[in-house]
Amino acid sequence: MRITAVRTAVVQANYDWTFIRVEADNGLAGTGEAFFAPGLTAMVRDLAGVILGQDPRHVDRLWRRLQRAASGAGSVSGIVYNAITGMETALWDLVGQALGVPVWQLLGGKFRDEIRVYADCHAGVGLESYGPALESRQPEWYRRAAAVAAPEGDTLSPEAYARHARQAVARGFDALKFDIDVEETPGEESHRPLSSTEIAAVAARVAAVREAVGPAVELAVDCHWRYRLPDVIRIARALEPYQLFWIEDPVPPFNPLSFVTLRQATSVPLCTGENLFLRHGFRTLIEAQAVHYLAPDIQKVGGLLEARRLADLADMYDIAMAPHCIASAFGTVAAAHLCAAIPNFAVLEFHGQDVPFWEDVLLGMEKPLLRHGRLRVPDGPGLGVQLNEEVARLYAKPGEPFFA
Ligand code: MG
(Lines give C-alpha, C1' and ligand atoms only; values in the text may rest on other atoms or scores of the structure.)
Protein backbone atom coordinates (compact mmCIF):
# COMPACT_ATOMS: atom_id res chain seq x y z
CA MET A 1 0.00 0.00 0.00
CA ARG A 2 1.35 3.41 -1.00
CA ILE A 3 0.13 6.95 -0.38
CA THR A 4 -0.92 8.61 -3.63
CA ALA A 5 -2.48 11.92 -2.57
CA VAL A 6 -3.06 14.24 0.38
CA ARG A 7 -6.03 16.63 0.04
CA THR A 8 -7.81 19.14 2.26
CA ALA A 9 -11.29 20.62 2.66
CA VAL A 10 -12.38 23.41 5.01
CA VAL A 11 -15.88 23.95 6.43
CA GLN A 12 -16.72 27.41 7.69
CA ALA A 13 -18.42 26.45 10.95
CA ASN A 14 -18.02 27.90 14.45
CA TYR A 15 -14.33 27.59 13.54
CA ASP A 16 -12.63 26.40 10.35
CA TRP A 17 -13.18 22.66 10.47
CA THR A 18 -10.16 21.49 8.47
CA PHE A 19 -10.27 17.98 7.03
CA ILE A 20 -7.27 16.14 5.63
CA ARG A 21 -7.60 13.13 3.36
CA VAL A 22 -4.81 10.67 2.68
CA GLU A 23 -5.43 8.44 -0.34
CA ALA A 24 -3.75 5.12 -1.14
CA ASP A 25 -3.12 3.13 -4.30
CA ASN A 26 -5.58 0.40 -3.22
CA GLY A 27 -8.52 2.79 -3.46
CA LEU A 28 -8.81 3.44 0.29
CA ALA A 29 -8.72 6.91 1.82
CA GLY A 30 -8.32 7.96 5.45
CA THR A 31 -9.64 11.22 6.86
CA GLY A 32 -8.48 13.30 9.80
CA GLU A 33 -9.48 16.68 11.20
CA ALA A 34 -6.98 19.34 12.23
CA PHE A 35 -7.48 22.26 14.64
CA PHE A 36 -7.74 25.51 12.65
CA ALA A 37 -4.69 27.74 12.19
CA PRO A 38 -3.66 30.56 9.87
CA GLY A 39 -2.15 29.04 6.73
CA LEU A 40 -3.03 25.49 7.78
CA THR A 41 -4.01 23.95 4.45
CA ALA A 42 -1.00 25.49 2.70
CA MET A 43 1.16 23.87 5.37
CA VAL A 44 -0.48 20.49 4.76
CA ARG A 45 0.18 20.85 1.03
CA ASP A 46 3.83 21.70 1.71
CA LEU A 47 4.23 18.69 4.03
CA ALA A 48 2.39 16.22 1.80
CA GLY A 49 5.49 15.39 -0.24
CA VAL A 50 7.11 13.91 2.86
CA ILE A 51 4.64 11.02 2.92
CA LEU A 52 3.65 10.65 -0.74
CA GLY A 53 4.73 7.28 -2.12
CA GLN A 54 5.29 5.88 1.38
CA ASP A 55 3.61 2.89 3.03
CA PRO A 56 0.91 4.40 5.33
CA ARG A 57 1.06 1.46 7.77
CA HIS A 58 4.24 2.79 9.39
CA VAL A 59 2.41 5.64 11.08
CA ASP A 60 4.93 6.50 13.77
CA ARG A 61 7.82 6.46 11.33
CA LEU A 62 5.98 8.75 8.91
CA TRP A 63 5.04 10.99 11.83
CA ARG A 64 8.72 11.35 12.74
CA ARG A 65 9.59 12.16 9.14
CA LEU A 66 6.99 14.92 9.19
CA GLN A 67 8.40 16.17 12.48
CA ARG A 68 11.88 16.14 11.01
CA ALA A 69 10.66 17.99 7.93
CA ALA A 70 9.30 20.70 10.24
CA SER A 71 12.43 20.88 12.36
CA GLY A 72 13.32 24.37 11.21
CA ALA A 73 9.73 25.58 11.11
CA GLY A 74 8.73 24.78 14.66
CA SER A 75 8.89 21.11 15.53
CA VAL A 76 9.15 21.74 19.29
CA SER A 77 5.57 23.00 19.39
CA GLY A 78 3.10 25.09 17.48
CA ILE A 79 0.79 24.99 14.52
CA VAL A 80 2.98 22.69 12.46
CA TYR A 81 1.50 20.04 14.74
CA ASN A 82 -2.04 21.01 13.80
CA ALA A 83 -1.17 19.86 10.29
CA ILE A 84 0.80 16.79 11.37
CA THR A 85 -1.94 15.74 13.81
CA GLY A 86 -4.65 15.83 11.14
CA MET A 87 -2.42 13.86 8.78
CA GLU A 88 -1.62 11.30 11.49
CA THR A 89 -5.31 10.77 12.28
CA ALA A 90 -6.01 10.26 8.57
CA LEU A 91 -3.24 7.64 8.48
CA TRP A 92 -4.81 5.71 11.38
CA ASP A 93 -8.19 5.85 9.66
CA LEU A 94 -6.59 4.53 6.47
CA VAL A 95 -4.65 1.76 8.22
CA GLY A 96 -7.68 0.71 10.27
CA GLN A 97 -9.71 0.38 7.09
CA ALA A 98 -6.94 -1.59 5.40
CA LEU A 99 -6.71 -4.01 8.35
CA GLY A 100 -10.46 -4.11 9.00
CA VAL A 101 -10.14 -2.96 12.63
CA PRO A 102 -11.26 0.18 14.47
CA VAL A 103 -8.72 2.81 15.46
CA TRP A 104 -9.45 2.18 19.16
CA GLN A 105 -8.15 -1.36 18.59
CA LEU A 106 -4.92 0.00 17.11
CA LEU A 107 -4.53 2.23 20.20
CA GLY A 108 -4.69 -0.75 22.57
CA GLY A 109 -8.38 -1.61 22.86
CA LYS A 110 -11.34 -0.12 24.70
CA PHE A 111 -11.86 0.69 28.33
CA ARG A 112 -15.41 1.89 27.61
CA ASP A 113 -18.05 1.82 24.90
CA GLU A 114 -19.47 5.28 25.58
CA ILE A 115 -17.63 8.54 26.07
CA ARG A 116 -18.90 11.04 28.61
CA VAL A 117 -19.16 14.43 26.96
CA TYR A 118 -19.49 17.82 28.60
CA ALA A 119 -21.25 20.71 26.93
CA ASP A 120 -19.25 23.88 26.50
CA CYS A 121 -21.78 26.68 27.04
CA HIS A 122 -19.61 29.80 26.56
CA ALA A 123 -21.47 32.48 28.51
CA GLY A 124 -25.16 33.39 28.66
CA VAL A 125 -25.45 32.67 24.92
CA GLY A 126 -23.40 30.30 22.80
CA LEU A 127 -23.72 31.15 19.09
CA GLU A 128 -20.36 32.13 17.60
CA SER A 129 -18.15 31.84 14.52
CA TYR A 130 -14.49 32.74 14.27
CA GLY A 131 -11.93 32.73 11.48
CA PRO A 132 -8.41 31.30 11.79
CA ALA A 133 -7.08 34.41 13.57
CA LEU A 134 -10.10 34.43 15.92
CA GLU A 135 -11.75 37.22 13.94
CA SER A 136 -15.50 37.23 14.50
CA ARG A 137 -17.49 36.47 11.33
CA GLN A 138 -21.04 35.80 10.24
CA PRO A 139 -21.35 33.10 7.56
CA GLU A 140 -24.83 32.54 6.15
CA TRP A 141 -25.72 29.69 8.53
CA TYR A 142 -24.77 31.93 11.46
CA ARG A 143 -27.06 34.72 10.30
CA ARG A 144 -29.92 32.26 9.91
CA ALA A 145 -29.31 30.77 13.36
CA ALA A 146 -29.04 34.22 14.91
CA ALA A 147 -32.36 35.22 13.33
CA VAL A 148 -34.04 32.30 15.09
CA ALA A 149 -32.30 32.60 18.44
CA ALA A 150 -31.30 36.25 18.46
CA PRO A 151 -29.02 36.88 21.41
CA GLU A 152 -30.82 39.22 23.72
CA GLY A 153 -29.10 42.15 25.31
CA ASP A 154 -28.74 40.31 28.57
CA THR A 155 -26.07 37.69 27.98
CA LEU A 156 -23.79 38.12 30.97
CA SER A 157 -26.23 38.26 33.86
CA PRO A 158 -26.44 35.40 36.37
CA GLU A 159 -29.97 34.79 35.06
CA ALA A 160 -28.72 34.40 31.46
CA TYR A 161 -26.07 31.92 32.64
CA ALA A 162 -28.65 29.97 34.66
CA ARG A 163 -31.06 29.86 31.71
CA HIS A 164 -28.35 28.61 29.39
CA ALA A 165 -27.33 25.94 31.92
CA ARG A 166 -30.89 24.68 32.27
CA GLN A 167 -31.17 24.39 28.47
CA ALA A 168 -28.01 22.24 28.30
CA VAL A 169 -29.21 19.98 31.12
CA ALA A 170 -32.57 19.63 29.36
CA ARG A 171 -30.64 18.33 26.33
CA GLY A 172 -29.29 15.55 28.54
CA PHE A 173 -25.86 16.80 29.57
CA ASP A 174 -24.67 16.14 33.11
CA ALA A 175 -21.45 18.11 32.79
CA LEU A 176 -21.15 21.73 31.65
CA LYS A 177 -18.50 24.39 31.19
CA PHE A 178 -18.93 28.16 31.21
CA ASP A 179 -16.58 31.00 30.39
CA ILE A 180 -16.03 33.33 33.31
CA ASP A 181 -13.59 35.74 31.62
CA VAL A 182 -16.41 37.51 29.83
CA GLU A 183 -16.32 41.13 30.88
CA GLU A 184 -14.77 43.42 28.30
CA THR A 185 -12.67 45.80 30.31
CA PRO A 186 -9.94 48.05 28.94
CA GLY A 187 -6.53 46.74 29.85
CA GLU A 188 -7.43 43.07 29.96
CA GLU A 189 -4.64 42.30 27.49
CA SER A 190 -2.19 43.20 30.21
CA HIS A 191 -3.66 40.87 32.82
CA ARG A 192 -4.63 43.79 34.97
CA PRO A 193 -5.60 43.30 38.62
CA LEU A 194 -9.26 42.46 39.11
CA SER A 195 -11.48 44.46 41.39
CA SER A 196 -13.51 42.91 44.18
CA THR A 197 -16.63 43.87 42.22
CA GLU A 198 -15.46 41.89 39.20
CA ILE A 199 -14.66 38.84 41.31
CA ALA A 200 -18.07 39.07 42.96
CA ALA A 201 -19.71 39.22 39.51
CA VAL A 202 -17.89 36.02 38.46
CA ALA A 203 -18.98 34.28 41.65
CA ALA A 204 -22.59 35.42 41.16
CA ARG A 205 -22.75 33.84 37.69
CA VAL A 206 -21.28 30.57 38.92
CA ALA A 207 -23.60 30.56 41.92
CA ALA A 208 -26.61 31.06 39.64
CA VAL A 209 -25.59 28.13 37.44
CA ARG A 210 -25.01 25.85 40.42
CA GLU A 211 -28.37 26.86 41.87
CA ALA A 212 -30.06 26.18 38.49
CA VAL A 213 -28.58 22.73 37.83
CA GLY A 214 -28.27 21.33 41.35
CA PRO A 215 -25.39 19.45 42.94
CA ALA A 216 -25.31 16.41 40.61
CA VAL A 217 -24.28 18.23 37.42
CA GLU A 218 -20.54 18.71 36.98
CA LEU A 219 -19.62 22.32 36.38
CA ALA A 220 -16.30 23.57 35.02
CA VAL A 221 -15.25 27.17 34.33
CA ASP A 222 -12.77 28.55 31.80
CA CYS A 223 -10.54 31.63 32.20
CA HIS A 224 -8.64 31.49 28.84
CA TRP A 225 -5.30 32.45 30.47
CA ARG A 226 -6.71 35.87 31.25
CA TYR A 227 -5.75 36.53 34.85
CA ARG A 228 -2.71 37.07 36.99
CA LEU A 229 -1.92 34.44 39.60
CA PRO A 230 -2.93 36.58 42.63
CA ASP A 231 -6.30 37.34 41.01
CA VAL A 232 -6.93 33.70 40.14
CA ILE A 233 -6.25 32.71 43.72
CA ARG A 234 -8.97 35.14 44.78
CA ILE A 235 -11.33 33.88 42.08
CA ALA A 236 -10.72 30.22 42.90
CA ARG A 237 -11.32 30.81 46.60
CA ALA A 238 -14.52 32.70 45.82
CA LEU A 239 -15.69 29.71 43.73
CA GLU A 240 -14.81 27.01 46.27
CA PRO A 241 -18.39 26.73 47.64
CA TYR A 242 -19.74 25.68 44.23
CA GLN A 243 -18.02 22.28 43.94
CA LEU A 244 -16.45 22.90 40.54
CA PHE A 245 -15.32 20.12 38.20
CA TRP A 246 -12.32 22.32 37.47
CA ILE A 247 -11.07 25.81 36.73
CA GLU A 248 -9.44 25.88 33.26
CA ASP A 249 -6.49 27.86 31.98
CA PRO A 250 -6.54 30.18 34.98
CA VAL A 251 -3.16 31.85 34.46
CA PRO A 252 -1.04 32.98 31.48
CA PRO A 253 0.46 29.88 29.85
CA PHE A 254 4.10 30.82 30.01
CA ASN A 255 4.91 29.68 33.53
CA PRO A 256 3.64 26.19 34.32
CA LEU A 257 4.90 26.46 37.88
CA SER A 258 2.18 29.03 38.58
CA PHE A 259 -0.10 26.01 38.74
CA VAL A 260 1.90 24.63 41.65
CA THR A 261 1.30 27.80 43.65
CA LEU A 262 -2.37 27.87 42.66
CA ARG A 263 -2.89 24.23 43.55
CA GLN A 264 -1.55 24.86 47.01
CA ALA A 265 -3.77 27.92 47.43
CA THR A 266 -7.18 26.46 46.55
CA SER A 267 -9.21 23.27 46.72
CA VAL A 268 -10.71 23.85 43.25
CA PRO A 269 -9.31 21.26 40.77
CA LEU A 270 -7.15 22.67 37.97
CA CYS A 271 -7.13 21.90 34.24
CA THR A 272 -4.99 23.08 31.32
CA GLY A 273 -3.42 21.93 28.09
CA GLU A 274 -5.48 22.89 25.03
CA ASN A 275 -2.59 24.93 23.63
CA LEU A 276 0.21 22.56 24.56
CA PHE A 277 1.87 20.16 22.15
CA LEU A 278 3.42 16.70 22.53
CA ARG A 279 4.21 14.96 25.81
CA HIS A 280 7.10 17.33 26.18
CA GLY A 281 4.84 20.36 26.39
CA PHE A 282 3.05 18.81 29.36
CA ARG A 283 6.07 17.36 31.09
CA THR A 284 6.67 20.07 33.68
CA LEU A 285 3.00 20.15 34.67
CA ILE A 286 2.85 16.38 34.97
CA GLU A 287 6.06 15.87 36.91
CA ALA A 288 5.08 18.61 39.35
CA GLN A 289 1.57 17.11 39.65
CA ALA A 290 0.52 20.70 39.18
CA VAL A 291 -2.96 20.05 37.75
CA HIS A 292 -5.75 17.54 38.24
CA TYR A 293 -6.80 17.29 34.56
CA LEU A 294 -4.96 17.60 31.27
CA ALA A 295 -6.92 18.98 28.32
CA PRO A 296 -4.91 18.20 25.18
CA ASP A 297 -6.71 18.96 21.95
CA ILE A 298 -6.75 15.71 19.98
CA GLN A 299 -6.82 17.67 16.69
CA LYS A 300 -3.46 19.32 17.37
CA VAL A 301 -1.55 17.81 20.32
CA GLY A 302 0.59 15.67 17.99
CA GLY A 303 -1.70 12.82 17.00
CA LEU A 304 -3.70 9.95 18.42
CA LEU A 305 -0.60 7.93 19.30
CA GLU A 306 1.06 10.92 20.97
CA ALA A 307 -2.15 11.54 22.96
CA ARG A 308 -2.12 7.91 24.04
CA ARG A 309 1.47 8.32 25.23
CA LEU A 310 0.57 11.54 27.03
CA ALA A 311 -2.32 9.81 28.80
CA ASP A 312 -0.02 7.04 29.99
CA LEU A 313 2.53 9.55 31.25
CA ALA A 314 -0.20 11.48 33.10
CA ASP A 315 -1.58 8.25 34.55
CA MET A 316 1.75 7.60 36.27
CA TYR A 317 1.11 10.81 38.24
CA ASP A 318 -2.61 10.26 38.96
CA ILE A 319 -3.66 12.95 36.50
CA ALA A 320 -6.83 12.42 34.46
CA MET A 321 -7.54 13.34 30.84
CA ALA A 322 -10.28 15.78 29.87
CA PRO A 323 -9.54 16.44 26.19
CA HIS A 324 -10.38 19.82 24.71
CA CYS A 325 -12.46 19.60 21.53
CA ILE A 326 -13.91 22.23 19.21
CA ALA A 327 -14.06 19.89 16.24
CA SER A 328 -16.89 18.78 13.99
CA ALA A 329 -18.69 15.56 14.82
CA PHE A 330 -16.07 13.81 12.68
CA GLY A 331 -13.15 15.09 14.74
CA THR A 332 -15.05 14.50 17.96
CA VAL A 333 -15.52 10.84 17.01
CA ALA A 334 -11.81 10.60 16.22
CA ALA A 335 -11.11 11.95 19.72
CA ALA A 336 -13.58 9.41 21.12
CA HIS A 337 -11.41 6.56 19.82
CA LEU A 338 -8.55 7.92 21.94
CA CYS A 339 -10.83 8.50 24.94
CA ALA A 340 -12.05 4.90 24.73
CA ALA A 341 -8.52 3.55 24.73
CA ILE A 342 -7.01 5.31 27.76
CA PRO A 343 -7.40 4.26 31.40
CA ASN A 344 -7.48 7.73 32.91
CA PHE A 345 -10.22 9.34 30.81
CA ALA A 346 -12.56 11.76 32.60
CA VAL A 347 -14.65 13.61 30.04
CA LEU A 348 -14.49 14.97 26.46
CA GLU A 349 -15.55 18.45 25.40
CA PHE A 350 -18.45 19.10 23.01
CA HIS A 351 -18.34 22.55 21.45
CA GLY A 352 -21.02 22.33 18.78
CA GLN A 353 -24.30 23.01 20.59
CA ASP A 354 -24.98 26.08 18.48
CA VAL A 355 -23.84 24.81 15.08
CA PRO A 356 -27.01 23.59 13.33
CA PHE A 357 -25.10 21.12 11.09
CA TRP A 358 -22.60 19.88 13.66
CA GLU A 359 -23.51 16.21 13.31
CA ASP A 360 -24.88 16.44 9.76
CA VAL A 361 -21.32 16.34 8.36
CA LEU A 362 -20.98 12.78 9.68
CA LEU A 363 -22.08 9.51 8.10
CA GLY A 364 -21.98 6.06 9.64
CA MET A 365 -23.57 6.56 13.06
CA GLU A 366 -27.12 6.81 14.31
CA LYS A 367 -28.30 10.37 15.10
CA PRO A 368 -28.49 12.09 17.44
CA LEU A 369 -24.89 11.28 18.19
CA LEU A 370 -25.08 12.55 21.74
CA ARG A 371 -27.61 10.91 24.03
CA HIS A 372 -27.70 11.71 27.73
CA GLY A 373 -24.36 13.45 27.29
CA ARG A 374 -22.72 10.28 25.98
CA LEU A 375 -21.11 9.46 22.61
CA ARG A 376 -20.88 5.84 21.45
CA VAL A 377 -17.54 4.74 20.06
CA PRO A 378 -17.95 3.26 16.56
CA ASP A 379 -16.72 -0.28 15.94
CA GLY A 380 -16.33 -0.14 12.16
CA PRO A 381 -12.92 -0.23 10.43
CA GLY A 382 -10.75 2.85 10.86
CA LEU A 383 -12.63 5.66 12.56
CA GLY A 384 -15.85 3.84 11.65
CA VAL A 385 -17.43 7.00 10.26
CA GLN A 386 -17.21 9.03 7.06
CA LEU A 387 -17.45 12.67 6.24
CA ASN A 388 -20.74 13.57 4.55
CA GLU A 389 -19.18 15.51 1.69
CA GLU A 390 -22.51 16.57 0.28
CA VAL A 391 -23.40 18.38 3.50
CA ALA A 392 -19.88 19.61 4.21
CA ARG A 393 -19.70 21.14 0.77
CA LEU A 394 -22.74 23.31 1.53
CA TYR A 395 -20.64 25.11 4.14
CA ALA A 396 -17.30 24.96 2.33
CA LYS A 397 -15.00 27.89 2.99
CA PRO A 398 -14.72 30.17 -0.05
CA GLY A 399 -11.27 30.13 -1.63
CA GLU A 400 -10.28 26.78 -0.14
CA PRO A 401 -9.99 23.58 -2.18
CA PHE A 402 -12.54 20.91 -1.32
CA PHE A 403 -10.53 17.67 -1.59
CA ALA A 404 -9.50 18.90 -5.03
MG1 MG B 1 -10.66 26.29 27.23
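Each ligand, and each atom within it, is numbered from 1 in the order the structure gives. What you see is a predicted model, and the numbers here were worked out from it, not measured in a lab. Excluded from the calculations below are hydrogen atoms, water molecules and symmetry mates; all remaining heavy atoms, backbone and side chain alike, are included. For reference, positions follow the sequence shown, starting with 1.
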- Among Phe282, Tyr118, Trp246, ring pair (Phe, Tyr, Trp, His ring centres under 6.0 Å) partner for Tyr293: Trp246

- Message: Run the salt bridge (Lys or Arg N to Asp or Glu O under 4.0 Å) test against Glu218 and tell me which residues pass, sequence neighbours left out.
- Response: none

- Query: Using a distance-only test with no angle check, is there a side-chain donor-acceptor pair under 3.5 angstrom linking Trp225 and Asp181?
  - Reply: no

- Hey, can you tell me if Phe350 and Phe173 have their rings parallel, tilted or perpendicular (30° and 60° cut-offs)? parallel

- Task: Fit a plane to each ring of Phe178 and His164, take the angle between them on a 0 to 90° scale, and name the class: parallel (under 30°), tilted (30 to 60°) or perpendicular (over 60°).
- Result: perpendicular

- Please check if any side-chain donor atom of Tyr395 sits under 3.5 Å from a side-chain acceptor atom of Glu140, or the reverse. no

- the Mg ion (ligand 1) - number of protein N/O/S atoms closer than 2.8 Å: 3

